[in-house]
K.L.:
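Dropping a structure here in structure tokens format, bear with me for questions.
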Protein chains: 2
Amino acid sequence: MKQNKVPKATLQRYPIYLKALRKLHHMGVERIMSRELGNFVDIESTTIRRDFSFIGSLGKQGYGYDVASLIDVFNGQLGVNFDEKLILVGAGNLGRALMNYNRWNHVVGEIVCAFDTDNDKIGSLSEVPVYHLRDLKQYLPEGCRIAILTVSGNAQETVDLLIESGIVGIVNFTHEHIQAPKGVIVRTVDVVSTIQELIFQVNNF
Amino acid sequence: MKQNKVPKATLQRYPIYLKALRKLHHMGVERIMSRELGNFVDIESTTIRRDFSFIGSLGKQGYGYDVASLIDVFNGQLGVNFDEKLILVGAGNLGRALMNYNRWNHVVGEIVCAFDTDNDKIGSLSEVPVYHLRDLKQYLPEGCRIAILTVSGNAQETVDLLIESGIVGIVNFTHEHIQAPKGVIVRTVDVVSTIQELIFQVNNF
DNA sequence: AAGCATTTGTGATATGATGTACAAGGGTGA
DNA sequence: TCACCCTTGTACATCATATCACAAATGCTT
């Protein structure tokens, strides 16, 4: 895995494959060929085969891939941890929706606790406890690497604090563009920008 | 605009530029150079200039770009419509959070109404009315092209219905992979996959 | 047991995106 | 008004990604 650089584009497709494979497994599919999987996820079979080849020789010629063991390899080699501890920073509308949205149990781990600066939001609204952001260091779970950011202001300041505390991956739901040093990965999910891009594409047919 | 194909990668950056330009305009900045804008959004100045060049010659040599008129050009040429009518399909936790999350007013239009199949959710929980999905055709706003999908099941079926009703752009918050015919653009925003990708990248350093 | 039909994995190639270098031309100050 | 300076817009080079084409290898059938 670490020996050869996996292209960024490939890395972005792994979650798609994993999701599809889980679904297929659930449907009782035991083996699959790159062609079929390609139709399923709308990706060229040749792209899939090359993407898989970065991890190793996972298939058998003239046969295809074994779904169950493929899932295992993905989980293992890619370091998916079902107990990955996530924190949520910002317990507003969106943050609370994400807390209640516990569909990701047993897929990527779960939100262990949340933080906010608004005293009204501190406490246990749902199953997830909400602490004050100033107590971050105290309550930050051991081994927690990834934070979901849904604050409504001071995003950069909050990010700096998170990074200082050891967070290395941030899912940014904020409208602000945030900066992070090398080694920290930020992925911005902006509904507004997504809609805009969609409009641009639609207008551009 | 339509004469020359705008690269996909560029199309994905336009919303970033637009967001940054609005912020700069708000801050009172009247003119900007590609270099400065580049620092602001973490994109190479040369990439910015090239991206802009697909729309036209928007800047002046030795001067830079006029922020206000640049915003106008983007809005106009790219077809941003502040009154773009959006619908929301699926009024669960996430759907309701998005309805309350009216930060996008005056940026891309707003959610006009929502649809769900659960009778308990029909009515006016917030300012946004919620209708039964079976009445889609009746309540679908005139000229509405884009739908935000937050249903928890039967995603593909719902998508087919939306497309049949004239929707050409879908923001998919569902975990399911959905298929759409050519001409309809689907953009999937999957928190779980985003987190996974982040984990893969972090593990891959 | 042997050969055929498949499908993988990968070198070679085409396409697309990004980065470099610089000519062209407007803005600014004297 | 003139000359210099600065920044744009783009040709060219480089890098990344996707696609093509096929040899190698396995399962399946007879």
Side-chain angles (χ1 to χ4, degrees), chain A residues 1 3-17 20-21 24 29-71 73-74 77 182 185 197 200-201 204, chain B residues 1 3-17 20-21 24 29-71 73-74 77 197 200-201 204:
Chain A
M1 185 66 192
Q3 57 278 23
N4 43 5
K5 282 247 170 61
V6 180
K8 259 196 297 179
T10 296
L11 232 36
Q12 290 184 315
R13 281 188 295 266
Y14 281 152
I16 298 172
Y17 299 142
L21 290 168
L24 289 163
V29 178
E30 290 180 2
R31 72 180 244 201
I32 195 160
M33 294 164 307
S34 59
R35 178 91 58 95
E36 294 177 89
L37 184 58
N39 289 335
F40 200 72
V41 298
D42 269 323
I43 295 173
E44 280 292 321
S45 61
T46 177
T47 301
I48 293 178
R49 291 202 298 278
R50 189 180 300 283
D51 282 348
F52 285 6
S53 77
F54 290 110
I55 301 179
S57 288
L58 310 179
K60 285 178 190 162
Q61 279 113 325
Y63 175 89
Y65 300 86
D66 182 76
V67 176
S69 57
L70 203 50
I71 292 173
V73 171
F74 264 80
Q77 288 292 313
K182 252 185 176 320
I185 297 162
E197 196 198 325
F200 296 168
Q201 279 191 264
N204 217 238
Chain B
M1 185 64 194
Q3 57 278 24
N4 44 5
K5 283 244 170 59
V6 180
K8 260 197 296 181
T10 296
L11 231 35
Q12 290 183 315
R13 282 188 293 266
Y14 281 153
I16 298 172
Y17 300 142
L21 289 168
L24 288 163
V29 178
E30 291 182 2
R31 73 181 242 200
I32 195 162
M33 293 164 307
S34 59
R35 177 91 59 96
E36 293 178 90
L37 185 57
N39 290 336
F40 200 71
V41 297
D42 268 322
I43 296 174
E44 279 291 320
S45 62
T46 176
T47 301
I48 293 178
R49 292 203 298 277
R50 192 197 317 284
D51 283 347
F52 285 5
S53 78
F54 289 109
I55 302 180
S57 287
L58 311 179
K60 285 178 191 162
Q61 280 112 326
Y63 173 89
Y65 300 87
D66 182 77
V67 175
S69 58
L70 203 50
I71 293 173
V73 171
F74 264 79
Q77 288 292 313
E197 196 200 324
F200 296 167
Q201 280 191 263
N204 218 239

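Because the structure is predicted, anything quoted here is derived from the model rather than measured. Here is the naming used below: chain letters follow the sequence lines, and residue numbers restart at 1 for every chain.
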K.L.:
Base, sugar-phosphate, or nothing for S45(B), non-hydrogen atoms under 4.0 angstrom?
P.N.:
nothing
K.L.:
Contact class for T10(A) (heavy atom, under 4.0 Å): base, sugar-phosphate, or nothing?
P.N.:
nothing
K.L.:
Under 3.5 Å, is there a donor-acceptor pair between the side chain of R31(A) and the main chain of G64(A)?
P.N.:
no
K.L.:
Of the options dT17(D), dA17(C), dT10(D), whose atoms approach the side-chain atoms of S53(B) most closely?
P.N.:
dT10(D)
K.L.:
Tell me the interatomic distance from I43(B), atom CD1, to dA17(C), atom C1', rounded to whole angstroms.
P.N.:
13 Å
K.L.:
Could you walk me through whether I55(A) and Y14(A) pass the side-chain contact (heavy atoms from CB on, under 4.5 Å) test, one step at a time?
P.N.:
CA-CA 11 Å; I55(A) 301 179; Y14(A) 281 152; 3.5 Å; yes
K.L.:
Please give, in whole Å, the distance from dG16(C) C1' to F54(B) CZ?
P.N.:
11 Å
K.L.:
What residues form a salt bridge (charged side-chain N to carboxylate O under 4.0 Å, His left out) with R13(B), not counting sequence neighbours?
P.N.:
D51(B)
K.L.:
Please determine, for the side chain of Y65(A), which listed nucleotide (dA17(C), dT17(D), dT8(C)) has the closest atom?
P.N.:
dT8(C)
K.L.:
Please confirm whether the ring centroid of F200(A) lies under 6.0 Å from the ring centroid of F74(B).
P.N.:
no
K.L.:
In whole Å, what is the span from the CG atom of D51(A) to the P atom of dT8(C)?
P.N.:
14 Å
K.L.:
Taking the side chain as every heavy atom from C-beta outward, state whether L70(B) and Y17(B) have any pair of such atoms under 4.5 Å apart.
P.N.:
no
K.L.:
Whole-Å distance between dA17(C) P and I48(B) CD1?
P.N.:
17 Å
K.L.:
Can you check side-chain contact (heavy atoms from CB on, under 4.5 Å) on R49(B) and S45(B), steps first, answer last?
P.N.:
CA-CA 6 Å; R49(B) 292 203 298 277; S45(B) 62; 3.6 Å; yes
K.L.:
Considering only heavy atoms from C-beta outward, does the side chain of F40(B) approach that of I48(B) to under 4.5 Å?
P.N.:
no
K.L.:
I need the CG-P distance between L58(A) and dA25(D), as an integer number of Å.
P.N.:
17 Å
K.L.:
Counting primed atoms plus P, OP1 and OP2 as sugar-phosphate and everything else as base, spell out the protein contacts along nucleotides 20-30 of chain C at 4.0 Å heavy-atom distance: B, S or - for each nucleotide, 5' to 3'.
P.N.:
BB--BBBSS--
K.L.:
Toward the 5' end of DNA chain D, which comes first, G59(B) or P7(A), by nearest nucleotide?
P.N.:
G59(B)
K.L.:
What is the distance from CD of Q12(A) to P of dA17(C), rounded to the nearest Å?
P.N.:
14 Å
K.L.:
How close or far is atom C1' of dA5(C) from atom CZ of R35(A), stated in whole angstroms?
P.N.:
13 Å
K.L.:
Roughly, in whole Å, what's the span from NZ in K5(B) to C1' in dT15(C)?
P.N.:
13 Å
